[in-house]
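Notes follow once the structure below has been shown.
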Amino acid sequence: MGQGDTTTPEERAQERAKQYVGLLWHLAVFIIVNGFLWGLDFAKGDGLNWAYLVTIMWGIGLAFHIAAYWLDGSGFQDRAYRRFLAKEKDGNPGD
């Protein structure tokens, strides 16, 4: 789409599906590993001590992955490209 994209709709759909599957794998591994870590932390018998730290930090990374996937599919970059291109053509390159 913007910026001289020469890919076909099928290629774009295939790339989007690949990104979606990658996000689902990230989410699945997050749930499984964090579930194991929380179980391990609780199994020690003195409550929750450290597993939540892993969940929080990894959760931040997962949130960025979700945001990147959502923004990529929203057409945000293409709309911004067209807006900036129009400003450049009008001789007003500022934001």
Side-chain angles (χ1 to χ4, degrees):
M1 316 223 302
Q3 303 180 7
D5 190 358
T6 59
T7 60
T8 66
E10 291 80 13
E11 290 169 331
R12 289 191 300 272
Q14 185 176 27
E15 180 60 28
R16 190 74 176 145
K18 182 179 175 182
Q19 292 171 355
Y20 182 69
V21 169
L23 178 60
L24 290 180
W25 273 107
H26 189 173
L27 181 61
V29 171
F30 173 83
I31 292 168
I32 293 166
V33 170
N34 279 283
F36 174 75
L37 293 176
W38 280 61
L40 188 64
D41 201 7
F42 275 121
K44 288 177 34 184
D46 54 348
L48 187 61
N49 294 310
W50 52 267
Y52 68 94
L53 294 171
V54 175
T55 302
I56 290 170
M57 300 311 280
W58 194 345
I60 291 169
L62 180 58
F64 276 106
H65 191 165
I66 291 168
Y69 175 80
W70 180 78
L71 281 173
D72 188 46
S74 71
F76 175 79
Q77 183 175 353
D78 191 47
R79 288 191 306 272
Y81 168 76
R82 283 187 263 141
R83 186 176 77 236
F84 292 134
L85 182 61
K87 285 182 179 186
E88 285 291 332
K89 288 181 177 180
D90 290 341
N92 183 14
D95 290 337

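Since the structure is predicted, the reported quantities are computational estimates derived from the model, not experimental observations.
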Check your understanding: Honestly curious: do Y52 and I31 fall in one hydrophobic cluster under the side-chain, below-4.5 Å linking rule?
Key -> no
Check your understanding: Counting only heavy atoms not in E11, do more than 12 sit closer than 6.0 Å to its CD atom?
Key -> yes
Review point. Does CH2 in W50 sit with more than 12 non-hydrogen atoms of other residues, nucleotides or ligands closer than 6.0 Å?
Key: yes
Practice item. Give the cluster check for Y69 versus L24: same hydrophobic cluster or not, with ILVMFWY residues linked at side-chain heavy-atom distances below 4.5 Å. Key: yes
Check your understanding: Would you find more than 12 non-hydrogen atoms of other residues, nucleotides or ligands less than 6.0 Å from K18 atom NZ?
Key -> no
Check your understanding: Is the backbone N or O of L48 less than 3.5 Å from a side-chain atom of D41, with the two atoms forming a donor-acceptor pair by type?
Key -> no
Check your understanding: What class does the angle between the rings of W58 and F30 fall in, given that below 30° is parallel, 30 to 60° is tilted and above 60° is perpendicular?
Key -> perpendicular
Point to revise | Single-linkage hydrophobic cluster, 4.5 Å side-chain cutoff, I66 and Y20 together | key: yes
Point to revise | CG-NZ distance between N49 and K44, expressed to the nearest 0.5 angstrom | key: 5.0 Å
Exercise for review: Find the distance between NZ (K87) and NZ (K89) and round it off to the nearest 0.5 Å.
Suggested key: 15.0 Å
Exercise for review: Give the cluster check for W38 versus L40: same hydrophobic cluster or not, with ILVMFWY residues linked at side-chain heavy-atom distances below 4.5 Å.
Suggested key: no
Check your understanding: Transitively linked via ILVMFWY side-chain contacts under 4.5 Å: I56 with F64?
Key -> yes
Exercise for review: Nearest 0.5 Å please: distance from the CG atom of L23 over to the NE2 atom of H26.
Suggested key: 8.0 Å
